[in-house]
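Chain A is the first sequence line, chain B the second, and so forth, proteins listed ahead of strands; every chain is numbered from 1.
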Amino acid sequence: MFYDFKKIEEKWQGYWDKKRLLKASPYSNNKKYYLLEMFPYPSGKIHMGHVRNYTIGDVAARLKMLQGYDVLHPMGFDAFGQPAENAAIKNKTKPDTWTHKCIKDMEVELKKMGFSYDWGRELSTCDSSYYKWNQWIFLKMLERGLAYRKASAVNWCPECSTTLANEEVIDGGCWRCHAKVEQKDLEQWYLKITEYKERLLEDLKLLKNWPGRVLSMQENWIGKSQGVEIYFKLKDSDTVIPVFTTRPDTIFGATYIVLACEHPAAKDFIRGKPHEKEALDFIDKVSKKSKIVRASSDVKKEGIFTGSYALNPVNNEVIPIWIADYVLMEYGTGAIMAVPTHDQRDFIFAKEHGLPMRVVIKPFDRSLDEATMEEAFEGDGLQVNSGKFNGTSNLEAKDSISKWMEAEGFGRIKTNWRLRDWLISRQRYWGSPIPVIYCDKCGAVPVPYQDLPVELPKDAPFTGEGGSPLAKVKKFVEAKCPKCGMKARRETDTMATFFDSSWYFLRFCSPQFKEAPFDRKEVSYWMPVDQYIGGIEHAILHLLYSRFFTKFFKDLKLIDFSEPFNRLLTQGMVLKDGEVMSKSRGNIVDPDSMIKRYGADSLRLFILFAAPPETELEWDDRGLEGAYRFLNRVWRIQENLKEKADDRLVRLMHKTIKKVGDDFNGFKFNTAIASLMEFTNAIYQFGADKEVFSKLVIMLSPIIPHFSEELYRLMGNQESIFKASWPKYDPGMLIEDTVEIVLQVNGKVRSKIEVPAGMSEEKIKELILGEEKLKPWLQGNSLKKIIIVPDKLVNIVV
RNA sequence: GGGCAAGUGGUGGAAUGGCAUACACGACAGACUUAAAAUCUGUUGGCCGCAAGGUCGUAAGGGUUCGACUCCCUUCUUGCCCACCA
């Protein structure tokens, strides 16, 4: 009556493993498919998000196996990172021990789901055979000037005692622990990702199969903006204050200038002025606050007058210079021209401090008065109060004013970027050591290639006190200078884990390769990744860094493609009662307990059926039970097979094969499953023969592999179902003899008729005008028009 | 504040210019059973109607069209991402 999922799933998992059935084998033909899901952090337990991500991937991978592709479907672990250190402190264990235990536990859980990974290719980023190549890549970057050291104020998380990249600061807090981020000065290693900004932006155009939202997020992150750098001269002096603007069309309305507090000239402008002390106090007060706090401290804009004045180059107007907290030193030149009438931030600031304003762009359909304005006008319109540009549209003026200012020497046309260099240093233990030695005489010296890997010492002390445990390991820190042989000191910072995950997709092509990060021959066969699947939370950082690394490898002539991921799918979150599943909410549904109750196949089926992959998925225990019931329903079909299936069923089978194939290719698993359910319902109605049933089972096999393998073998097949081929449909069987035509009067359905397919418009017209059911609607009305959609619909307009 | 999605039965969702609500969950009824579970077979958007049938209905309002869940405009709501980016 019930199929024994526990026995079946264990049996076939063991069989696939023993036969190495899921091993990726290249070069068997010329169709390759590299399917990759974002590898997990080994926390020790898989959650529903993993189950969803990996189930989606597994269906695609198994489908491609059935379609005869060489499939590469690997799995590994993003194993460096803070939680291992935190666990080490808490449980008095070692990060290494803890991580490897977690990896073991997760392997077991992943295997229970029956995912088709080639476990022979498994890798962990914390193994020295992997991070050796992180160090190799770092040295290559160092050689090319792409890795450099810079002392600067960095984001400091007091909770984790570590620095964070700008990208890792979320709402003023640490991306992992959410503690409030502070400012601190440190010498840090950076990667010059900005050198690739043009290509990172330009090549987004190549990514035709990426979700639009991810592309636009990347574009905004890179943040290219065209504008003009305008030179404002100080009144009674030759000192120039450059200012960047994307709105040169508003230059005639610039009524004051604002400097960032950190602006190098700020203190000069204050010196000897009446409010000198007050102004210095203000600068001091603001600079003590971290920039993150300043950014998040709502809308209040504080500022103070410097006492100095500048000249607007286009009209020689004398305008005051202010200092304020809402201007950022990091963007543009650290100084802005303020146009309160056409920028809302400037407007608020001007109102608060009684600064002058002047309208220079008026809306097309009305006039504007600065005295009565309640907010800035940021839309498009016509230039006014703008000298010889009056009357032109501001969009045109943007261009003509820029060119005019450049010609007059008032400024120059310039492009600004939002993208910053990438800070990779971490004052942490559990990461790849940065392969550099500091010598008093020779400075920072790279570790020679033949000395790689620089191994992490296993016996670092974990006290939970701040600072890096690595710095406390004497025999690690003490080193000889590779250049002069003198006593020297080893770098104790480790790399950000985003470094590890920026190239793992290349390593999977040849995970045991000893000569280089990857074997060029294998990479040129498998790469680029045909389908990448993961969470939207990685839309910016991980994907941008991976694209950067790929371009770097291309420049090294190690590969000959410039984008790593052809197609990208970002799957939606798994919700419970409308909320994201999380420990803090206490609404976690543990996959393992669901596998115990209903089996992995039911879980896979439910999670694919409940929602399309990209949208959020609402968890529902009863839905899972429904999936289990469906499997039993299919299971029972084998007990009642007929000699020969009904023609109607065979026709439906061909339709279903087409529909399911199309839906699978478009990752529309929910509707593919719906079709398979309809087909199953039809089998209950008409009765199937062995051939029809086996095709149903093959179509189900990517979704519910153990179940399908078992049924397939019970039907007498000796070979694995994954050696079978995907069923083909006969296009002739899709054509219907008769079609149902919907009859509308004035767009409302009034009747339907059955007619032979391909009937001519004339004949249809004749037929429907005599149709009894339509008479009441046509009587007493004059016929205006008849619209005929062949084989589908007729609309009579009266 | 900006950008991008989305809004459809009691619920998850289907339909991307042509029969709104496929498929599933839940609910209700029938068969089987001493009974229950399981299974099988039905019914299941609202309103009016005994019925045939009619009528309203895809967040709200307007527009384009013979015809709109679908395209356009306005508004509202929710979610995600970004955010003093000049």
(Q) Using whole Å, what does the distance between atom P of nucleotide B:C85 and atom CG of A:D346 come to? (A) 10 Å

Q: Using whole Å, report how far CG of A:L419 lies from P of B:C85.
A: 17 Å

(Q) Syn or anti for B:G9, given that syn means the glycosidic angle lies within 90° of 0? (A) syn

Q. Of all the choices, B:G79, B:G18, B:C84, which nucleotide is nearest to the side chain of A:E616 once you look at every atom?
A. B:G79

Q | Length of the line joining A:I336:CD1 and B:C84:P, which is rounded to integer Å | A | 14 Å

Q. Should the pair A:Y3 and A:F707 be assigned to parallel (<30°), tilted (30 to 60°) or perpendicular (>60°) ring geometry?
A. perpendicular

Q) How about A:S225 and A:Y331: does a side-chain donor come under 3.5 Å of a side-chain acceptor? A) yes

Q: Using the P atom on both, measure B:G62 against B:A68 and round to a whole Å.
A: 14 Å

Q. With a non-hydrogen cut-off below 4.0 angstrom, is A:K748 in contact with a base, only sugar-phosphate, or nothing?
A. sugar-phosphate

**Q.** Nearest-nucleotide pick for A:P612, side chain only, options being B:C84, B:A14, B:G54
**A.** B:A14

Q.
Tell me whether the count of non-hydrogen atoms from other residues, nucleotides or ligands lying under 6.0 Å of NZ in A:K414 goes above 12.
A. yes

Q. In whole Å, what separates the C1' atom of B:A22 from that of B:U8?
A. 13 Å

Q. Side chains of A:N220 and A:R418: donor-acceptor distance under 3.5 Å anywhere?
A. no

**Q.** 5′-ward residue of the pair A:Q685/A:R247 relative to RNA chain B
**A.** A:Q685

Q: For A:V749, report the nucleic acid contact type (base, sugar-phosphate, nothing); a contact means any heavy atom under 4.0 Å.
A: sugar-phosphate

Q.
Would you say A:Q685 and A:R648 are linked by a side-chain donor-acceptor pair, where the criterion is simply a distance under 3.5 Å?
A. no

Q) Can you tell me how far P in B:G13 sits from the matching atom in B:G79, rounded to whole Å? A) 16 Å

Q.
Assuming nearest nucleotide by heavy-atom distance, tell me which of A:G212 and A:E618 is located more 5' along RNA chain B.
A. A:G212

Q: Tell me whether the OP1 or OP2 atom of B:A83 has a side-chain N or O from A:R418 closer than 4.0 Å.
A: yes

Q) Regarding A:D346 and A:Y326, is there a side-chain donor-to-acceptor distance under 3.5 Å anywhere? A) yes

Q: Would you mind reading off the distance between A:R636 atom CZ and B:C40 atom C1', rounded to a whole angstrom?
A: 9 Å

Q: Using the P atoms only, state how far B:C69 lies from B:G7, rounded to an integer number of Å.
A: 14 Å

Q.
Between B:C71 and B:G17, how many Å separate the two P atoms, rounded to a whole number?
A. 8 Å

Q) Between A:F630 (CZ) and B:C40 (P), how many Å, whole number? A) 12 Å

Q: Quickly work out the A:I222 CD1 to B:C82 P distance and round it to whole Å.
A: 15 Å

(Q) Which residue in the set A:I657, A:D663, A:T656 passes side-chain contact (heavy atoms from CB on, under 4.5 Å) when paired with A:K659? (A) A:D663

Q) Between B:A83, B:A86, B:G13, which one does the side chain of A:W221 approach most closely? A) B:A83

Q. Which pair of heavy atoms, one from A:A611 and one from A:R52, lies closest together, and at what distance?
A. CB-NH2, 4.0 Å

(Q) Applying side chain to side chain contact (heavy atoms under 4.5 Å, CB included) to A:L711 and A:I637, what does each step give before you reach the verdict? (A) CA-CA 10 Å; A:L711 269 183; A:I637 293 173; over 6 Å; no

Q: Going 5' to 3' through nucleotides 21-33 of chain B, assign each nucleotide B (protein heavy atom under 4.0 Å from a base atom), S (under 4.0 Å only from sugar-phosphate atoms) or - (no protein heavy atom that close).
A: -BBSSS-------

Q) Counting heavy atoms not belonging to A:K655, are there more than 12 under 6.0 Å from its NZ? A) no

Q: Specify whether A:F349 and A:H353 have parallel, tilted or perpendicular ring planes, treating 30° as the upper limit for parallel and 60° as the lower limit for perpendicular.
A: tilted

Q | Distance between P atoms of B:C73 and B:G54 (Å, rounded) | A | 36 Å

Q. If the sugar-phosphate is the primed atoms plus P, OP1 and OP2 and the base is the rest, what is the B/S/- string for nucleotides 63-78 of chain B, using protein heavy atoms under 4.0 Å?
A. ---BS-----------

Q: Take atom C1' in B:G63 and the same atom in B:U41, then report the distance between them in whole Å.
A: 48 Å

(Q) Could you tell me how far apart A:E229 (CD) and B:A86 (C1') are, to the nearest whole angstrom? (A) 13 Å

Q) Can you check whether A:F5 reaches A:S602 side chain to side chain, under 4.5 Å on heavy atoms? A) no

Q | Taking every non-hydrogen atom, the tightest pair across A:F609 and A:N670 | A | O-CB, 3.5 Å

Q: Go through B:G18, B:C84, B:G12 for me and flag the one nearest to the A:V789 side chain.
A: B:G18

**Q.** Separation between the P atoms of B:U11 and B:U65, rounded to whole Å
**A.** 36 Å

Q. Under a 3.5 Å cutoff on both atom distances, Watson-Crick or G-U, what's the dot-bracket for RNA chain B ([ ] crossing, | other strand)?
A. (((((((..(((.....[....)))((((((.......))))))((((....))))..(((((..]....))))))))))))....

Q. Could you state the CG-C1' distance from A:D663 to B:G13, rounded to the nearest angstrom?
A. 14 Å

Q | Non-hydrogen atoms of A:A350 and A:M357 that approach each other most closely | A | CB-CE, 3.8 Å

